[in-house]
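Report on the following structure.
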Amino acid sequence: SRAVSSFASSLARRSVRAVQPRIQATAIGARRLYSTENLPAPGAGGSDPKIASIVDEISKLTLLQTADLVSQLKTRLNIQDIAMPVAMPSAPAGGAAAAVEEEKPAEKTDFKVKLEKIDPAAKAKVIREVKNLTGMNLVEAKKFVESVPKVLKDSAPKEEAEKLKKALEALGATVVLE
């Protein structure tokens, strides 16, 4: 029984020794296969010079010229439009910065003047001011002020909205422009 177990363990050691170099060679080959050390960096000089020159020329185009180029390529190569999600670059470069600025929505011109809350000590003054600003009678102005938060004026021009806000905040009201 001892002889058999001794023979089995020596056989196992020989098998492992025989297979071990193959395992190591396979591991080294796998590391080389999946390694990115020897790959050229994206956009590096390892690409075709013809492609690099085309990329340089395209990067000099304006946004309109690039759009025209894309449409002509789609027509010539018979490429159909497909809906794809587009990711915005984190830091636009060169001409792209101007395009991003052009896409910003226009500045808001009409504001809602909303009364958020009122200092209880200044309630009478605010009621009088709301009455004067809106043309409400005294009872309506009092009900309005007591039911805050409420929109005082819809679609007021920026200057007028800021003027109303300043006047009401001077009396002790909290006003928000939306």
Side-chain angles (χ1 to χ4, degrees), residues 34 36-37 39-47 51-178:
Y34 295 110
T36 58
E37 293 172 0
L39 294 177
S47 64
I51 292 173
S53 67
I54 292 171
V55 169
D56 289 340
E57 290 299 316
I58 290 173
S59 66
K60 294 176 186 173
L61 296 176
T62 65
L63 188 61
L64 292 174
Q65 291 171 329
T66 306
D68 188 37
L69 172 68
V70 169
S71 65
Q72 286 183 22
L73 284 172
K74 284 180 181 179
T75 304
R76 186 169 294 171
L77 300 176
N78 196 22
I79 299 172
Q80 297 175 355
D81 288 334
I82 56 173
M84 286 181 52
V86 178
M88 291 296 294
S90 60
V100 171
E101 289 177 5
E102 290 176 3
E103 293 176 9
K104 289 183 182 176
E107 188 175 330
K108 192 173 179 181
T109 56
D110 289 340
F111 294 86
K112 288 183 182 180
V113 180
K114 184 176 182 181
L115 228 57
E116 283 291 319
K117 61 183 178 178
I118 297 164
D119 183 11
K123 185 176 175 183
K125 293 177 188 177
V126 174
I127 291 173
R128 243 179 285 133
E129 188 66 25
V130 167
K131 176 184 172 280
N132 293 336
L133 292 173
T134 61
M136 296 180 190
N137 64 35
L138 191 59
V139 174
E140 292 171 335
K142 183 178 183 225
K143 286 182 183 178
F144 180 88
V145 169
E146 290 174 345
S147 65
V148 294
K150 204 164 182 182
V151 176
L152 178 67
K153 187 161 188 172
D154 270 338
S155 67
K158 185 176 182 177
E159 298 82 27
E160 183 182 348
E162 288 177 347
K163 181 178 150 187
L164 289 171
K165 180 180 178 181
K166 196 175 194 180
L168 291 169
E169 284 182 340
L171 296 174
T174 304
V175 181
V176 175
L177 300 180
E178 298 178 331

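Bear in mind the structure is a predicted one, so any value in this text is a computation, not a measurement. By convention here, the first residue in the shown sequence is residue 1.
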What's the shortest heavy-atom distance between V148 and K117, and which atoms?
CG2-CA, 4.1 Å
So how far is it from L133 CG to R128 CZ, rounded to the nearest 0.5 Å?
12.5 Å
May I have the step-by-step check of side-chain contact (heavy atoms from CB on, under 4.5 Å) for T174 and I118, ending in yes or no?
CA-CA 6 Å; T174 304; I118 297 164; over 6 Å; no
Distance-minimising heavy-atom pair for V139 and N137:
N-OD1, 3.1 Å
Rounded distance [0.5 Å steps], OG1 in T66 versus NZ in K60
13.0 Å
Working to the nearest 0.5 Å, report the span between CD of E160 and CG of D110.
10.0 Å
Rounded to the nearest 0.5 angstrom, the NZ-CG distance for K153 and L164 is 6.5 Å
Hey, could you give me the CG/CG distance between D68 and L61, rounded to the nearest 0.5 Å?
9.5 Å
Quick one: do E146 and K142 make a salt bridge, cutoff under 4.0 Å?
yes
Closest non-hydrogen contact found for V130 with F144 is CG1-CD2, 4.0 Å
Which of K165, E159, K158, K166 passes side-chain contact (heavy atoms from CB on, under 4.5 Å) with E162? It is K158
Could you give the distance from CG (L152) to CE (M136), rounded to the nearest 0.5 Å?
6.5 Å
Could you go through L69 and Q65, starting from their C-alpha distance and side-chain angles, then the distance that decides it, and tell me whether this counts as side-chain contact (heavy atoms from CB on, under 4.5 Å)?
CA-CA 6 Å; L69 172 68; Q65 291 171 329; over 6 Å; no
Sequence neighbours left out, what passes salt bridge (Lys or Arg N to Asp or Glu O under 4.0 Å) with K112? Give chain and number order.
none
